[in-house]
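What follows is a set of notes on a single structure, which appears directly below.
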Amino acid sequence: MITVLRESDAPLSDGEFARLLDNSLRAQGIHAPCAVTLTLTDEASIRDVNRAHRGVDRPTDVLSFPAALLPARPGAPLPPSMWDSGAGAFFLGDIVISCPRALAQAKEYGHPPEREFSYLFVHGVFHLLGYDHQNEEERHLMRKKEEEALGGPDGALAEAAFKAREAAYVPYSGYRVGAALRDRAGRVFTGCNVENVSYGLTNCAERTALFKAVSEGAREFDAIAIAAEGTAPWPCGACRQVLSEFAPGLRVLVAWEGGREETTLEALLPHSFLRFEGDKEHGQ
Ligand code: THU
């Protein structure tokens, strides 16, 4: 949920800013409704705001005013004090962008104006979410989150799957597979295929990722990305069954050099076997 005050021209629509806000929140594992106010203004006005609120008498590209101090940690709960009952959302704070400055920076860096406005807005959102760049470690963490939000959380998940593929142990097939499984708190668990001389004891990348996640305490999942080469690496039947134990509604993204496709586990494993009544009492 975003309120955009346009005092100066910007190349992104309200809907595009809203999508960037959603991507940022998902990258942070926040699923609750959140609201932000964005003011798109000029050099003189951002200078006034900078002077009035920060005592800095000069224009800048973006300013953020968090409604509360949040820990820069995915999945951290939002404090009830941030809840705005009128809006029906957690109010995160205000962001101000200087449009002339953003346009000048886009030219300077040689990328489209849309890219610069997207970056500045996402940067502002992560400041509202508690991120900062006072030292190298903080800067790196914030940058990673920004990239995730700009490429979309699914883009980051596919990238993590490609990266996990590098560790594949495949002396028999030579076919490398990587998987990245994201839980509802935004944590990502990766895995690769681990083959065995017996062949049959080989573990697929998807199950490696799932077993790592479950053994770290994760139970609810949102999406899995699977990366390989040649053709779309749809998960095998055994992996579909094992994934459905924890995440029947999981989104399944497959990626290879030639493209990407997306479906759900439900579509890949219809009419799956569910726990029967007598089994439920055995607990989690
Ligand atoms: N493999 C996976 O990692 N995931 C699948 O869903 C299908 C197959 C691996 C297992 C084996 O190491 C190789 O691909 C060739 O079957």
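Every value quoted in this text rests on a predicted model; they were computed, and no experiment measured them. Whatever order the structure lists them in is the order used to number ligands and atoms, beginning at 1.
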Atoms of ligand 1 close to Glu195 [distance to a heavy atom under 4.0 angstrom, numbered from 1]: 11 (C), 12 (O), 13 (C)

Ligand 1 N/O within reach of Cys204 N/O, cut-off under 3.5 Å: no

Pro235: numbered ligand 1 atoms lying under 4.0 Å from its heavy atoms: 6 (O)

Minimum-distance protein heavy atom relative to atom 3 (O) of ligand 1: Ala205 N, 3.0 Å

Nearest option to atom 9 (C) of ligand 1, as decided by whichever heavy atom of Val194, Val170, Asn193 sits closest: Asn193

Closer than 4.0 Å: a protein non-hydrogen atom to atom 16 (O) of ligand 1: no

Region of Ser173 engaging ligand 1 - heavy atom pairs below 4.0 Å: side chain

Minimal non-hydrogen separation, Glu206 against Leu243, with atom names: CB-CD1, 4.5 Å

Polar atom proximity, Cys236 to ligand 1 (N or O, under 3.5 Å): yes

Plane angle bin for Tyr172 and Tyr199 - parallel if under 30°, tilted between 30 and 60°, otherwise perpendicular: tilted

Distance from atom 14 (O) of ligand 1 to nearest protein heavy atom, with residue and atom: Tyr175 CD2, 3.4 Å

Gap separating the CE atom of Met142 from the CG atom of Leu129, nearest 0.5 angstrom: 9.0 Å

Nearest protein heavy atom with distance in Å, relative to atom 10 (C) of ligand 1: Thr202 CG2, 3.8 Å

Within 6.0 Å of CG in Asp9, more than 12 heavy atoms from elsewhere: no

Within 6.0 Å of CZ in Arg115, more than 12 heavy atoms from elsewhere: yes

Ser8 versus Asp42, side-chain donor and acceptor atoms under 3.5 Å: no

Test side chain to side chain contact (heavy atoms under 4.5 Å, CB included) applied to Asp154 and Arg26, step by step: CA-CA 10 Å; Asp154 293 347; Arg26 275 177 69 175; 4.1 Å; yes

Distance-only N or O hit between ligand 1 and Glu206, under 3.5 Å: yes

Exceeds 12 heavy-atom contacts within 6.0 angstrom, atom NE2 of His140: no

